[in-house]
Amino acid sequence: MPDPPGIPFRMSEATKVQNDYGAEQIQVLEGLEPVRKRPGMYIGSTGPRGLHHLVYEVVDNSVDEALAGHCDQILVVLHADGSCGVTDNGRGIPTDVHPRTGRSALETVLTVLHAGGKFGSGGYKVSGGLHGVGVSVVNALSEWVEVTVHRAGQEHRQRFERGAPIGSLRSSPAAEGEQEHTGTAVRFLPDTQIFSGGIEFDYATLASRLRELAYLNGGVRIVFRDERAAARNEAGEPHEETYFYEGGIREYVAYMNAEKDPLHRDIIYVNATKDGVQVEAALQWCVDAYSDSILGFANNIRTVDGGTHIEGLKTVLTRTLNAFAKKRGKRKEADSNLAGENIREGLTAVLSVKVPEPEFEGQTKTKLGNTEVRGIVDTLVGEALAEFLEFNPSVIDLILEKAIQAFNAAEAARRARELVRRKSVLESSTLPGKLADCSSRDPSESEIYIVEGDSAGGSAKQGRDRRFQAILPLRGKILNIEKTDDAKIYKNTEIQALITALGLGIKGEEFDEKNLRYHRIVIMTDADVDGAHIRTLILTFFFRYQKALVEGGYIYIACPPLYKVERGKNHTYCYNEGELKKTIESFGEKANYTIQRFKGLGEMMPQQLWETTMDPSTRTMKRVEIEDALEADRIFTILMGDKVAPRREFIETHSAELDLAQLDI
C-alpha cells in the first residue's frame with residue numbers, strides 16, 4: 001500500500017525496537033491439533049464473538065508492528081467471498097529458515113501454536129493480542145489462509161488449508177516499483193466446520209474495535225473496506241471508512257464528550273515512559289455528568305475489570321486534587337478529604353498502558369495484575385497533572401468546585417443512604433416491604449424479576465417458583481439517574497427499593513459480587529412503548545449506578561409473548577409478528593382460530609406467565625452485554641441526558657429503520 005499523497009505520517013512518540021527481527025526471534029512452543037479440538041479455549045467461543053476474534057488476532061499483529069515503530073498503515077477488507085484480508089506496511093513476517101523447525105519462519109508462525117516474536121527474544125518490546133495465541137490459531141480455524149509477504153525486495157506467498165501448508169513458500173522478485181515496499185497481507189476464510197452458526201462478519205462490531213485501535217495508536221491509519229454485495233452503493237462501489245487520529249486518545253475523549261458540556265476546553269494529556277512501561281492518559285471533566293467514565297486499556301486490550309493501572313490513576317487523582325484543594329484554600333486543614341468518587345464525578349478518562357510482560361487476571365483475562373504498574377501510573381500521571389493544574393489555575397478551581405458540590409451532595413445523601421445500608425446481606429429489617437423474596441439463600445441460583453405495577457406483580461408472585469424466584473414490583477416510571485445527583489437518587493423510594501433488594505451497596509464504591517443477592521436480575525415489562533421506556537430507565541440506572549452489574553452479565557430482559565393463538569383445545573404462544581404469521585399459515589385456509597393480543601403482563605394468568613416467561617425450561621431471555629463500552633456510554637448520554645438537540649438528531653437519523661406499522665402507541 002503506497003502512502004496517500006500529501007499526508008504526513010507520524011507515529012505518536014512510538015520508539016522503534018532496535019533489535020533485528022528474523023527467524024531466530026521466533027520462539028516455538030507446541031503444535032496446532034488442540035486448537036481445532038477445543039477452539040473455545042483459544043478464542044473464547046465458536047459463536048460471533050470468537051469469529052470476530054480471528055480478525056482481531058490478525059489485526060493485532062499489524063498493530064504490534066505499529067507499536068514497534070515499523071508500520072503506520074493497516075488495511076482491513078471484507079471480501080465478497082466471505083473472507084477477510086488484513087494488509088500492513090510493516091517489516092513483513094520473516095521468511096528465512098527457522099533454526100529449530102527447519103522450515104521457513106513464516107510457516108512456523110502459521111503452523112505452530114505460540115510461535116511468534118512476542119514470547120521473548122527481543123522481536124517486540126510490547127505486544128497486544130489477548131492471549132498472544134497469534135495468527136496460528138486463525139490458520140487452524142480457517143478453511144484456507146493465504147499469506148503474502150514483501151521483504152528485502154522479494155515477494156513471498158504461501159497457502160494453508162485448515163492449518164496445513166499447501167506446498168512450500170514461493171518467492172519471486174517484487175514487481176517494478178515495489179522493491180522498497182515491505183509488509184504482510186493475510187487473507188483467511190473461517191471454517192464452517194468450526195463456526196457452525198455462520199461465518200458472516202458484522203461490520204459494526206469490527207468497525208468499533210478498529211476505531212478503538214486507531215484511537216489507542218495515534219498516527220496509525222486504519223482503512224476498513226466492505227466489498228460484500230450488500231454493502232456496495234448504487235454505483236457498485238464498496239463501503240469504506242478510514243480511522244486516523246493523530247491526537248490518539250485525546251480525540252477518543254473528545255468523541256466521548258461530544259454531546260456533553262466540558263468543564264474545561266483543553267483535554268489533560270499525559271504520555272510518558274518509566275521502567276519500560278508506557279503510560280498514556282487523557283482526562284476531561286464535564287459539567288452535566290454525575291458519574292465517571294474511565295476506560296482502561298493494557299496493550300490495546302480493554303480491561304473491563306480494571307486492574308493496577310486504574311487503581312494507580314484513581315489514587316493519584318484523589319491525592320493530587322486534595323493537595324490542590326488545601327493549597328488553594330478551597331478546603332481548610334481541619335476539613336475531611338474529598339472522596340475519590342467526589343473528585344471523579346463528571347470525569348471522562350482514557351488510560352492506555354503498554355506493559356512489556358502483562359499479567360492478566362480473572363476468568364476473561366480482562367484485569368491487569370502487574371503490581372509495578374500501579375506506582376508507575378501514579379508517578380507519571382501525578383507529575384503531568386500537577387504541572388497542568390499549576391499552569392491552569394482556572395481549570396483546577398472549576399474541577400474542585402464540582403468536586404466540593406459532589407462532596408456536599410454526598411453528605412446530604414449520607415443520611416438517606418443509611419436506609420440503604422443493610423445489617424447483613426441476607427437477613428435485614430430494611431428489605432422493601434413489596435419485595436416477594438425467594439426462599440433460597442444462594443445468590444448463584446436465585447433470580448429477581450423487576451416488574452412494572454402491582455397487577456403484573458400479582459400475576460408474577462402467584463406464577464413464580466418461590467424457591468428461587470423473587471419479585472419486586474415498581475410503581476410507575478423510576479427516576480432518570482442520567483440527569484440526577486446522588487442526594488435525589490437515595491431519596492427516591494423506587495430506587496431505594498432496587499438498591500436494597502439487590503444488595504447493590506453505594507454508588508461509586510467498588511462493587512462486591514458477594515453482596516449481590518441474586519445473580520440473575522430480570523427486567524420484565526409490558527411489550528408496549530411505556531414498557532420500553534421503563535425498561536430503558538431501569539437499564540440507565542444499572543449502567544450509571546453500578547456498571548459492573550451489566551459488564552458481569554447479571555442483567556437480563558424477559559421476553560413475554562405478544563399473542564396467544566387458540567384453535568380448538570390447543571393453544572400456541574407467539575413472541576413476535578413472524579411467529580404469529582407462521583402459526584396462522586400452518587392452520588390452512590379455512591381454519592377457525594382466535595388471537596389474543598397481550599397488552600400487558602397483568603392480563604396474563606399466573607400459570608400463563610410461568611409457562612411463557614418464567615419457567616427456565618421454556619422461557620426466552622436476553623442477556624444484556626456491552627461489546628462496545630464507549631458507544632454504550634455515548635448512547636446513554638444522547639438518549640437520557642439533558643440536551644434535546646442530539647436526541648432529536650438521533651431519532652431523526654434512525655426513524656427510517658422503524659417499521660411504523662409495528663409501533664405500539
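Every heavy atom of this structure was used, including side-chain atoms; hydrogens, water molecules and symmetry mates were not.
Taking Arg647 as the reference, nothing meets the salt bridge (Lys or Arg N to Asp or Glu O under 4.0 Å) condition, with sequence neighbours excluded. For Glu652, the side chain to side chain donor-acceptor pair (under 3.5 Å) partners two or more places apart in sequence, or in a different chain, are Arg648.
A pairwise comparison of heavy atoms in Leu110 and Asn139 identifies O-ND2, 2.7 Å as the closest pair. The shortest non-hydrogen separation linking Glu107 to Pro165 is OE2-CG, 3.6 Å. Contact record, Ala207 with Phe224: N-CE2, 3.7 Å, taken as the closest heavy-atom pair. Closest approach of Arg151 and Ile93 over heavy atoms only: CD-O, 3.8 Å. The minimum heavy-atom distance linking Pro358 with Asn299 is given by the pair CG-ND2, 3.4 Å. When every heavy atom of Cys84 is checked against every heavy atom of Phe201, the shortest pair comes out as CB-CE1, 3.8 Å.
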Original post:
Given the rule in the side chain to side chain contact (heavy atoms under 4.5 Å, CB included) test, do Asn217 and Lys354 qualify, once you have shown the distances and angles that lead to the verdict?
Top reply: CA-CA 11 Å; Asn217 301 281; Lys354 307 277 167 64; 3.7 Å; yes

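Using a 30° and 60° split on the angle between ring planes, Tyr245 and Tyr243 fall in the parallel class, below 30°. Ring geometry for His264 against Trp285 counts as tilted: the plane angle lies between 30° and 60°, on a 0 to 90° scale. Between His239 and Tyr203, the ring-plane angle classifies as perpendicular under the 30° and 60° cut-offs.
With rounding to the nearest 0.5 angstrom, the CG atom of Leu398 is 4.5 Å from the CG atom of Leu263. Separation of atoms NE2 (His150) and NE2 (His156) is listed at 9.0 Å; rounding is to 0.5 Å.
Comment: Lys314 does not engage Asp292 in a salt bridge, judged by the lack of any side-chain N to carboxylate O separation of less than 4.0 angstrom. The existence of a salt bridge linking Glu383 and Lys274 is excluded, since no basic side-chain nitrogen approaches an acidic carboxylate oxygen closer than 4.0 Å. Salt-bridge check for Arg209 with Glu212: passed, with a basic side-chain N closer than 4.0 Å to an acidic carboxylate O. Ion pair Glu259/Lys643 not flagged as a salt bridge, since none of the NZ, NE, NH1 or NH2 atoms sits closer than 4.0 Å to an Asp/Glu carboxylate oxygen. A salt bridge links Glu65 with Arg91: at least one charged nitrogen is closer than 4.0 Å to a carboxylate oxygen.
A donor-acceptor contact shorter than 3.5 Å links the side chain of Asn89 to the backbone of Asp72. Although no hydrogens or angles enter the test, the distance criterion places a donor-acceptor pair under 3.5 Å between the side chain of Arg232 and the main chain of Glu227.
Under the 4.5 Å side-chain criterion, counting only non-hydrogen atoms from C-beta, Leu317 is not in contact with Val381. Proximity of Ile310 to Ile294: side-chain heavy atoms (C-beta onward) are separated by under 4.5 Å at one or more points. Side-chain atoms of Thr95 and Ser171, non-hydrogen and from C-beta on, never get closer than 4.5 Å to each other. Using a 4.5 Å heavy-atom cutoff, the side chains of Phe360 and Ile301 are in contact. Here the side chains of Arg544 and Tyr290 are not in contact, with every heavy-atom distance at 4.5 Å or above. With contacts defined as side-chain heavy-atom distances shorter than 4.5 Å, the pair Pro356/Val277 qualifies. Here the side chains of Lys547 and Ser293 are in contact, with some heavy-atom distance below 4.5 Å.
The neighbour count for Glu200 CD, taken as heavy atoms of other residues, nucleotides or ligands under 6.0 Å away, does not exceed 12. Counting heavy atoms of neighbouring residues, nucleotides and ligands inside a 6.0 Å radius, atom CD of Glu240 exceeds 12 of them. Applying the 6.0 Å contact sphere to CZ of Arg159 captures more than 12 heavy atoms from other residues, nucleotides or ligands.
Donor-acceptor pairing under 3.5 Å is lacking for the side chains of Asn370 and Thr308.
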